[in-house]
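Quick notes on the structure that follows.
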Amino acid sequence: MKMVVASWRRCVVMSLRLLLFLLPAGLPVRSQGESQSDNKQMDNITIRQGETLFLSCLQGDFVTHTAWLNRSSILYAGEDKWSVDPRVSLVTLNQDEFTIKIEDVDLTDEGQYICAVQTSSRPRTTSVHIIVQVPPKIVNLSKDLVVNEGSNVTLMCLANGKPEPAIVWRMIPSSDDSLGSDNEVLEIPFISRDKAGVYECTAANDIAVDTQTVELIVNFPPSISDGRDVGVTLGQRGVLLCEADAVPEADFEWYRDDRRIFNGFDGIEIEDDGALSKLTFFNVSEADYGNYSCVATNKLGSANTSIVLYEIIEPTSSTLLQGPGAVQDGNSGTSTVFTPTCLLLIVLLHLLLKF
C-alpha cells in the first residue's frame with residue numbers, strides 16, 4: 001500500500017512539473033519576495049451535495065504559471081479549461097488569486113484538489129481535501145403487507161447518505177414502544193390485529209431527514225358483539241342489528257331456526273354495510289316473533305349470535321283511565337277512582353270532625 005501511495009505522489013509531482021514547464025508564461029511580476037514553503041495543506045472543506053464549491057489559492061509574486069488539479073486530472077491551466085465537465089468554470093485569475101467553481105457538487109467530486117503555481121524560482125503547491133455530505137435517501141423499503149394474525153412479520157428499511165444515516169422504525173400513531181426499532185429491521189413476532197396499521201421509517205443524518213411508510217394489514221376471523229334482543233309492538237317496524245369485526249370484511253347470513261332468510265322474504269329486508277348487517281321487519285306480525293341467528297363469515301372463520309324479537313303489549317283504554325289516584329280493591333279486583341270533588345269532600349269532613 002505504501003508503495004502505491006509513493007508511486008502516486010511521484011506521478012503527480014512529475015505531472016505538475018511537466019505541466020508547468022509546458023504552459024505559456026502567465027502572470028506579471030509584482031514585487032520581490034518568495035515564500036520558502038513549497039507545499040501547503042489547507043483545512044478540509046465540507047460541502048453538501050448539490051451546492052456550489054469555490055476553490056481559491058493565492059498567487060503571490062513572481063508567478064509565471066498556475067493550474068488547478070483534481071487528483072491527477074487537470075481542471076484549469078491558467079485561463080485554459082482542460083476539464084470537459086460543464087459544471088467547472090473559471091471565476092477569477094489575476095495577480096492575487098486563482099479561483100474556480102464547481103456547480104451541483106456530487107459525491108464523485110470528493111477528494112483532494114491541488115493548486116500548482118510556478119514562480120521564477122520554484123514550483124509551489126497548495127492542496128485541500130473536499131468532503132461531500134449527502135442527505136439520506138431511503139433506497140430499499142418493504143412493500144405494503146397483508147398477513148394473517150399470528151404470523152411473524154419483518155420490515156426492512158435501507159438508506160444511503162453521508163454521514164451514514166440513523167434508521168428509526170415506529171408505528172403511527174402508537175403509544176406502544178415495542179412497535180418501534182432503532183435498526184434497519186423491525187421484527188413483529190406473532191402479530192395481532194391491534195398491530196395492524198401504518199409503520200414509518202425515518203432515515204436521518206446531520207443534513208436532512210427522509211421518511212417513508214409501509215401499511216400492514218392483518219387478517220383475522222370474525223368476532224360478533226353480543227346481539228341485543230328487540231321488543232316491537234304488533235304491526236310496527238322492527239330492526240335487528242348484527243355487528244362483526246373482521247378482516248377481510250365478513251359476509252352475513254340470517255336464520256330463523258334452521259331456515260335461512262333472504263332479502264325480500266316475507267316483507268323482510270336485509271341490508272349489509274361494512275361491519276354491520278340489519279334485518280328489518282316493516283310490519284311485525286305474530287309469526288315474526290321468535291329467535292333469530294346472525295352468522296358472519298370470512299376466509300379465516302365464522303362467528304354467530306342469537307337475537308330475540310319479542311312482543312311489546314300496548315296499554316288498553318281501561319288502564320289508560322287509571323291515574324295516580326286509583327286504588328285497587330283487594331276483594332273484587334276492581335278499582336275505585338277518587339275524583340277531585342270526592343277528595344274535597346273528604347277534606348271538609350275531616351275539618352268538621354276537628355271542631
For [X] against [Y], the heavy-atom pair lying closest together:
X	Y	result
Cys201	Ile167	SG-CG2, 3.8 Å
Phe252	Ala275	CZ-O, 3.5 Å
Ala287	Arg256	O-NH1, 3.1 Å
Pro163	Ile207	CD-CD1, 4.5 Å
Asp104	Gly50	OD1-CA, 3.4 Å
Ile261	Tyr255	CD1-C, 4.0 Å

[X] side, atom [atom1]; [Y] side, atom [atom2] - distance, nearest 0.5 Å:
X	Y	atom1	atom2	value
Asp43	His129	CG	NE2	13.0 Å
Glu103	Thr52	CD	OG1	5.0 Å
Tyr292	Ile307	OH	CD1	11.0 Å
Gln118	Thr66	CD	OG1	10.5 Å
Lys195	Glu149	NZ	CD	10.0 Å
Asp85	Ile102	CG	CD1	7.5 Å

Backbone of [Y] reached by a side-chain donor or acceptor of [X] within 3.5 Å:
X	Y	value
Asn94	Asp96	yes
Asn298	Pro248	yes
Asp210	Ile138	yes
Trp82	Ala67	no
Asn205	Ala208	yes
Glu110	Val132	yes
Ser142	Met156	yes
Asn263	Ile270	yes
Asn140	Leu158	no
Asn152	Phe190	yes

Can you hop from [X] to [Y] via hydrophobic side chains spaced under 4.5 Å?
X	Y	answer
Leu107	Val128	yes
Leu300	Ile191	no
Phe265	Leu309	yes
Phe54	Leu75	no
Val209	Val168	no

Given Leu141 and Thr213, is the side chain to side chain contact (heavy atoms under 4.5 Å, CB included) satisfied, shown in steps?
-> CA-CA 8 Å; Leu141 184 72; Thr213 59; over 6 Å; no
Polar contact flag, side-chain donor to acceptor under 3.5 angstrom, [X]-[Y]:
X	Y	answer
Trp254	Ser293	no
Ser285	Asp288	yes
Gln41	Ser127	yes
Ser181	Asn183	no
Thr297	Ser302	no

Distance-only check: which donor-acceptor pairs under 3.5 Å involve side-chain atoms of residues 220-240, not counting sequence neighbours?
{"unit_1": "Asp229", "atom_1": "OD1", "unit_2": "Val308", "atom_2": "N", "d": "2.9"}

Sole residue of Val91, Val88, Thr92 in side chain to side chain contact (heavy atoms under 4.5 Å, CB included) with Lys101 |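 Of the listed residues Val91, Val88, Thr92, the side chain to side chain contact (heavy atoms under 4.5 Å, CB included) partner of Lys101 is Val91.
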For the pair Trp169 and Cys157, evaluate side chain to side chain contact (heavy atoms under 4.5 Å, CB included) and give the outcome as yes or no after the intermediate values.
-> CA-CA 8 Å; Trp169 275 104; Cys157 180; 3.4 Å; yes
Could you check if a side-chain atom of [X] sits within less than 4.5 angstrom of a side-chain atom of [Y], using non-hydrogen atoms only?
X	Y	result
Asn160	Val134	no
Leu241	Glu243	no
Leu155	Leu145	yes
Ile172	Tyr199	no
Ile188	Leu216	yes
Thr211	Glu200	yes

Heavy atoms of other groups near [X] [atom1], more than 12 under 6.0 Å:
X	atom1	value
Asp273	CG	no
Glu269	CD	yes
Glu311	CD	yes

Let me see the working for Ile217 and Val247 under side chain to side chain contact (heavy atoms under 4.5 Å, CB included), right down to the final yes or no.
-> CA-CA 8 Å; Ile217 298 173; Val247 177; 4.0 Å; yes
Side chain to side chain contact (heavy atoms under 4.5 Å, CB included) between Gln133 and Gln49: does it pass, once the steps are laid out?
-> CA-CA 6 Å; Gln133 291 183 328; Gln49 185 183 43; over 6 Å; no
Run the ring-centre check on Phe281 versus Tyr289 and record whether the distance is less than 6.0 Å.
-> no
Start with the C-alpha distance between Arg259 and Asp257, add both sets of side-chain angles, then the distance that settles salt bridge (charged side-chain N to carboxylate O under 4.0 Å, His left out), and finish with yes or no.
-> CA-CA 6 Å; Arg259 184 183 59 175; Asp257 299 326; over 6 Å; no
